[in-house]
2 protein chains.
Amino acid sequence: MMCQGVIQVNAALAMVGAVSLSDPSNPTTRVMDVLKFLAAHPTERFTLAEIARHVGLSNGSAHRLLTTMAAGQFLSRHEKHRTYSLGLSLVAIGQAAIAGHQGIEIARRELARLAAELDMQCSANCLADEEIVVLVKEGRPQSHLGLTRVGERRPLMPPVGLCHVAWGEQTLIDDYIGKARPFMAASVLDHLRDALPLIRARGYAVCANGPGAAASRQVLVTASDQVRDDAYWTRVHELIGQLSADEIQLVDLARAEEAGVSYMAAPVFSPAATVAFQLVVTGLPTDLDPRKIEACAQRLCAAAAVVTAEMHGRHPAG
Amino acid sequence: MMCQGVIQVNAALAMVGAVSLSDPSNPTTRVMDVLKFLAAHPTERFTLAEIARHVGLSNGSAHRLLTTMAAGQFLSRHEKHRTYSLGLSLVAIGQAAIAGHQGIEIARRELARLAAELDMQCSANCLADEEIVVLVKEGRPQSHLGLTRVGERRPLMPPVGLCHVAWGEQTLIDDYIGKARPFMAASVLDHLRDALPLIRARGYAVCANGPGAAASRQVLVTASDQVRDDAYWTRVHELIGQLSADEIQLVDLARAEEAGVSYMAAPVFSPAATVAFQLVVTGLPTDLDPRKIEACAQRLCAAAAVVTAEMHGRHPAG
DNA sequence: TCCCGTTATTCCAATAATGGAACGACACTG
DNA sequence: CAGTGTCGTTCCATTATTGGAATAACGGGA
């Protein structure tokens, strides 16, 4: 029956607040979309027309939007080339946001320590509106693939964001699995479902490397430069279908020796006992033996625990 | 005749882009206003009604605005207390904005060095839509008055923002002086006018301490907590009228021994040869002799020059 | 516990923003 | 140097958002 799916979707929407549903063209959303788009490309500059295309605006609307934002220094405008990028006001606002979330600075400190100890790439990301947003990055700057650049956004789809999902609300879990279902073999889907309790029990998530993970990375990274059109989503969905069980969650750490570990993640909890953000370690050597991996994971969890503690977070009861 | 004033105002508006004029209730502006308000109070949390009052919105509009922004993690919502503050997405966007403005990190480094050397409070601020926005702060954290907190905003009025004005466009100068004119004695106004070429020649601005400066600080600081209503502007205007010539710009450094220096500022130029932001030193000891003040100023200018150079800025030809 | 002031949320008519096209300007190219 | 495509800007009727009041849900105090 199709009914169940519909009910789930409605529940999720009611949960979120139904704003995105009833407002097909919310002006607030457009402002945020412009900022999100520009934040995903911090070093580039875009013309009015480019931005209009990327966020789906008419030139006329984009013109007033960008002019207004530039007037307030939310965007900085390069007069010569008529291009826009994030403005200085956002620097101030970003600093203020950090001041309001003590966890961020603590996380940065711990991630830097972690990156130095393990000589790996460490980052933190949070969940924003069905997307994963990179908040902090420490360690070897700008990996060869430019994989995780602060401000970048990726859709919440396997195999990323598992910590957000594993400790998230039931509706989020249902949504996550629901989005993956059409593209996964039944056995792999079951593996994904079973992975969540395991992640909760272990306290961290670990994904194996492999052709699916690599291809997925490739697409997601290169795709961050382009519009998320139907072709993009088709590719993403195809890639999800190609993921192996180990690439979704590595149950048996011994199997890591085959292809290595793609990433490990551990959650940081907020005072409200929800996942504030997750700490991620990537760029692990491929020749790590299970013992080393276990040690890395424990070190990562320790860092996450420190951050949780210092920001007065609480581990959810269950 | 009144005509001249009107002409000036129209010129200024045409300059800015006339967006703020023709759009009495621009939805983009409202988003920015909410962010600006929350950024000015990074550590506090506000209810929907409070925010609606402060930015001048109806509860209904504020509700959808805040809900939408919270859904995208532009605001974080405290479910228990139903309060809002800046969200994690803004952390990412702020980091991205910093990545796009190389000058910021260089400025932070130089300001930190400066603060350490001089044991004073150093900050950087930029001009945004007729307001001064604090971008960076280094040195003794949170002065006794909480004078300059990152994200805070102050109206562009004497005696602040002189570097922005002195090297700014003629329309900005006219606007600045025009706004001050109604509240200043003619002689003081002349002093202000004459100060701008002096600042350009010296390469920095320096204001003396005194009753006017102190009172002004007091009002501006305490006022950052409240709505900018008519009463607020009346007080600001009164205070501007009370400023002495030395409090606007200290022509003779020897006179500093009387009351000390309120602040010193030097401009950092962008590649387009405009003022990107200004570096400010505050919290100077009151017992500095003119030689020491001169040395401080030169050290400040050196820092500004380093930042300008490293971000490939150009000093304006004139 | 109840009450009361405040707050969050929903709804609809009034209002202001939007999108599309047309214009003017620019840069690039052959 | 002219042609051509793209870009930025302006304009107006259509359309979606806004503001205000009514409603519901708190939360603090006695």
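Please read these numbers as outputs of a predicted model, since none were measured by experiment. Residue numbers begin at 1 in each chain, while the letters A, B, ... track the order of the sequences.
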Over all heavy atoms of both residues, which pair between A:Ala92 and B:Gly151 is shortest? Give the atoms and the distance, please.
CB-CA, 3.9 Å
Taking the nucleotide of DNA chain C with the nearest heavy atom to each, does A:Asn59 or A:Lys80 sit closer to the 5' end?
A:Asn59
Separation of D:dC26 C1' from B:Glu79 CD (nearest whole Å):
14 Å
Check the distance between D:dT17's C1' and B:His63's NE2 and give it to me in whole angstrom.
15 Å
In whole angstrom, give the distance that lies between atom NE2 of A:His54 and atom P of D:dC7.
11 Å
Would you check if there is a donor-acceptor pair between the side chains of B:Asn125 and B:His164 at a distance under 3.5 Å?
yes
B:Thr47 near the nucleic acid: base, sugar-phosphate alone, or nothing, with a heavy-atom cut-off under 4.0 Å?
sugar-phosphate
Distance check: side-chain N/O of B:Arg30 vs OP1/OP2 of C:dA16, anything under 4.0 Å?
no
Closer to the 5' end of DNA chain C via nearest nucleotide, is it A:Ala62 or A:Arg82?
A:Ala62
Of the candidates C:dG19, D:dC7, D:dT18, the side chain of A:Pro27 sits closest to D:dT18
Figure out the CG/P separation between A:Leu48 and C:dG24, and round it to whole Å.
19 Å
Among the nucleotides C:dG19, D:dT9, D:dG19, which one has an atom lying closest to any side-chain atom of B:Ser61?
D:dG19
CG of A:Leu57 versus P of C:dG19: gap in Å, rounded?
6 Å
Between B:Arg64 and D:dT17, is there a side-chain N or O to OP1/OP2 distance below 4.0 Å?
no
Do the side chains of A:Tyr176 and A:Met157 get nearer than 4.5 Å, heavy atoms only?
no
Measure from CG on A:Leu66 to C1' on C:dT18 and round the result to the nearest Å.
15 Å
Does B:Val150 reach the side chain of B:Val136, with side-chain heavy atoms less than 4.5 Å apart?
no
Round to the nearest Å and state the distance from A:Leu65 atom CG to D:dG8 atom P.
14 Å
